[in-house]
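Written out below as structure tokens is the structure these notes cover.
First the proteins, then the strands, lettered A, B, ... as listed; each starts at 1.
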Number of protein chains: 2
Amino acid sequence: MTEETERQYLNQYNIKDYESPLYSVDIAIFTLHNGQLKVLLVERAAHPFKHSRALPGGFVDLHIDADIEATARRKLVAKTGVDAPLLEQVTTVGNASRDPRGWSVTTLYMALIPYAPTADFVDTVSEAIWCPMEELKELSLAFDHQLLIELARERLKNKTAYSVLPLHVLERPFTLSQLQHAFELLMGKSLEKKSFRRRILNAELLHQVGEGVPEGGKGRPAGLYEPSAGSERHLFVRVFGD
Amino acid sequence: MTEETERQYLNQYNIKDYESPLYSVDIAIFTLHNGQLKVLLVERAAHPFKHSRALPGGFVDLHIDADIEATARRKLVAKTGVDAPLLEQVTTVGNASRDPRGWSVTTLYMALIPYAPTADFVDTVSEAIWCPMEELKELSLAFDHQLLIELARERLKNKTAYSVLPLHVLERPFTLSQLQHAFELLMGKSLEKKSFRRRILNAELLHQVGEGVPEGGKGRPAGLYEPSAGSERHLFVRVFGD
DNA sequence: CCAATAGTGTCTTTGAGACACTATGAG
DNA sequence: CTCATAGTGTCTCAAAGACACTATTGG
């Protein structure tokens, strides 16, 4: 019995000889603006679902991308101009029915960035819009992107309860009230002021960098804070907000 | 300007026209046996890495699998005969270098099952072995499977600290001492007996179903417990073991 | 003064850590 | 009795919830 060597096998191997699912990477980019949680949607330029709204995403470029996170980052930078944000893999969804072209798999990432108008980074206004999460249900999105957004939203909510994820949506410096507000929007519930401040300050994640004006120009000036180095990765041993 | 319709586009679409990464599903199956955490390894029957040890896994069967979890479950059942276990997606790894055939993506699942000898479910003993995690470092595994196992191991450790995941590796019924031992092996640290029992019993996840003999035939008989319906999904608000 | 926002004092409750203690069986 | 394993009593400590209180600004 002659055994094929691995070298021989690789020489004659051709990926196109096998039936393989479509593989793509999608990214749910969140921000806060005007007291609302918003997600970035683009208009699809090609079939299928041409002209429908969808999450930014697409196929891996085998020649440019070193890994799938690079694919996600490439899409993120193209639509927002932001690099070095919070970018995190959420999950991978793959089945026979999510894409009319056939069996399809997508790895979903989520990103969290401070608000910036999309107009600065895309050619046409309609190409990318910040959609408030509250208006999402009314839209009909391409593929299963409505589901993907829900999955990312869930992760956002859960992780906010035991991390300092919301730091990533604020411009620096920020006040503790602004930070609490960000937590409340991401968690979808209001938090007790004293408990919140005790938790954040006791963890020694922030350092004060001065005083600023209060929200809306009225009231006592608030302390301004910035995260200390590495503090964005802090995890609490207890979830917050009961 | 004539616009192609979506129907026309789909009719002439052919997935093989595009360069796409390889896509596979791998699964790290864990169990406890003889006081050790073990992971199931199989011997690869084909190139690349023919005859190397690897995680069970492989390509999606587009005609059989409804979704990627079905692919993972199919592999799990084939190697262990176990269905309806804990089966959970860990992460997806994809890059240009992990497979000698080219750009490759794999979605990693992990499963947790009570111990059963592999011989009952595979044709040859060498086809599947339970490898103690302590002996893993010395082995040279196919692809990046050493890394994949580490990722699954990390998830196991983290999730054990805020869930009741270890319930899935025990035969029913079990004693609280056995359960604590399972927790300790999965977390890789010893736990304080009183704290452990208080935590588990206060959560009302178990019901007692009698008394059994103690470990090793000596000492006071222990209460025997089974999980109540749905309790496997309980999450604590506080991580255990500091 | 008032309104508005920022920030504190302090009591209660929950649940983990430590660790010594008691309980029940086999020999 | 002793040894081994199962299970409890109870004190301390960390941190969240509740909520009333004080502080600092603009008008």
Side-chain angles (χ1 to χ4, degrees), chain A residues 35 158 160-164 166 170 173-185 187 189-226 234-242, chain B residues 35 158 160-164 166 170 173-185 187 189-226 234-242:
Chain A
N158 292 335
T160 298
Y162 62 87
S163 72
V164 284
L170 296 181
F174 48 81
T175 68
L176 287 177
S177 295
Q178 288 166 341
L179 185 60
Q180 179 173 349
H181 196 205
F183 269 80
E184 290 174 337
L185 286 169
M187 293 182 66
K189 66 186 296 188
S190 59
L191 301 172
E192 217 285 315
K193 181 167 58 163
K194 175 70 185 198
S195 301
F196 178 78
R197 300 171 84 96
R198 187 173 40 205
R199 181 174 170 107
I200 298 293
L201 294 174
N202 283 356
E204 299 189 337
L205 304 169
L206 309 178
H207 55 273
Q208 194 168 349
V209 294
E211 292 235 326
V213 294
E215 296 280 308
K218 290 195 154 194
R220 173 172 170 179
L224 293 173
Y225 293 84
E226 286 185 0
H234 182 82
L235 298 181
F236 294 96
V237 300
R238 189 159 163 182
V239 304
F240 197 62
D242 196 17
Chain B
N158 292 337
T160 298
Y162 61 87
S163 72
V164 284
L170 297 181
F174 48 82
T175 69
L176 287 177
S177 295
Q178 288 167 341
L179 185 59
Q180 180 173 348
H181 195 204
F183 269 81
E184 289 175 335
L185 287 169
M187 293 181 67
K189 65 185 298 189
S190 58
L191 301 172
E192 217 284 314
K193 181 168 59 164
K194 176 70 184 200
S195 300
F196 178 78
R197 301 170 84 95
R198 185 173 44 207
R199 182 174 168 107
I200 298 294
L201 293 175
N202 283 357
E204 299 188 338
L205 303 169
L206 308 178
H207 56 273
Q208 195 169 348
V209 295
E211 291 234 326
V213 295
E215 295 280 307
K218 291 195 154 196
R220 173 173 170 179
L224 293 173
Y225 292 85
E226 286 185 0
H234 182 83
L235 298 181
F236 293 96
V237 300
R238 190 160 161 182
V239 303
F240 197 62
D242 198 16

**OP:** Would you mind reading off the bend of the helix from C:dC1-D:dG27 to C:dG27-D:dC1 from its two end axes, five pairs each, to 10 degrees?
**Re:**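 That helix gives 20° between its end axes.
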Subject >> N/O donor-acceptor pair under 3.5 Å between A:Gln180 side chain and A:Leu191 backbone >> reply: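 Yes, A:Gln180 side chain to A:Leu191 backbone: donor-acceptor pair under 3.5 Å.
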Length of the line joining [X]:[atom1] and [N]:[atom2], which is rounded to integer Å:
{"X": "B:Leu179", "N": "D:dG7", "atom1": "CG", "atom2": "P", "value": "12 Å"}
{"X": "A:Arg220", "N": "C:dA6", "atom1": "CZ", "atom2": "C1'", "value": "5 Å"}
{"X": "A:Leu201", "N": "C:dG9", "atom1": "CG", "atom2": "C1'", "value": "15 Å"}
{"X": "A:Leu191", "N": "D:dG17", "atom1": "CG", "atom2": "C1'", "value": "12 Å"}
{"X": "A:Arg197", "N": "D:dA18", "atom1": "CZ", "atom2": "P", "value": "18 Å"}
{"X": "B:Lys218", "N": "C:dA23", "atom1": "NZ", "atom2": "C1'", "value": "17 Å"}
{"X": "B:Leu176", "N": "C:dA23", "atom1": "CG", "atom2": "P", "value": "19 Å"}
{"X": "A:Phe196", "N": "D:dA18", "atom1": "CZ", "atom2": "P", "value": "16 Å"}

Subject >> B:Leu235 versus B:Ser163, closest heavy-atom pair with distance >> reply: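 That closest heavy-atom pairing would be CD2-CB, 3.8 Å.
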Original post:
Under the side chain to side chain contact (heavy atoms under 4.5 Å, CB included) criterion, do B:His207 and B:Val209 qualify, and how do the steps go?
Top reply: CA-CA 6 Å; B:His207 56 273; B:Val209 295; 3.7 Å; yes
Original post:
Hey, can you pull the residues of residues 235-242 of chain B with a non-hydrogen atom under 4.0 angstrom from DNA chain D?
Top reply: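 Close to the strand, none.
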Subject >> Distance under 6.0 Å and angle within 45° of ring axis: A:Arg199 vs A:Phe236 >> reply: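 Pair A:Arg199/A:Phe236 counts as cation-pi.
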Check whether any side-chain heavy atom of [X] sits under 4.5 Å from a side-chain heavy atom of [Y], and report yes or no.
{"X": "A:Lys189", "Y": "A:Glu184", "answer": "no"}
{"X": "B:Leu206", "Y": "B:Gln208", "answer": "no"}
{"X": "B:Phe183", "Y": "B:Thr160", "answer": "yes"}
{"X": "A:Ile200", "Y": "A:Phe240", "answer": "no"}
{"X": "A:Leu176", "Y": "A:Tyr225", "answer": "yes"}

Original post:
Where do B:Tyr162 and B:Val237 land on the side chain to side chain contact (heavy atoms under 4.5 Å, CB included) test, with the steps shown first?
Top reply: CA-CA 7 Å; B:Tyr162 61 87; B:Val237 300; over 6 Å; no
Could you go over nucleotides 18-21 of chain C and give all protein N or O partners under 3.5 Å, atom names and distances?
unit_1: C:dA18; atom_1: N7; unit_2: B:Glu192; atom_2: OE1; d: 3.4

Original post:
Are B:Ser177 and D:dA6 close enough that a side-chain N or O sits under 4.0 Å from OP1 or OP2?
Top reply: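 True: B:Ser177 side-chain N/O within range (under 4.0 Å) of D:dA6 OP1/OP2.
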Original post:
So, is B:Arg199 close to the C:dA16 phosphate, meaning a side-chain N or O under 4.0 Å from OP1 or OP2?
Top reply: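 For C:dA16, OP1 or OP2 has a side-chain N or O of B:Arg199 closer than 4.0 Å.
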Original post:
To the nearest 0.5 Å, how far apart are CG in A:Leu170 and CD in A:Glu226?
Top reply: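 The CD atom of A:Glu226 is 11.5 Å from CG of A:Leu170, to the nearest 0.5 Å.
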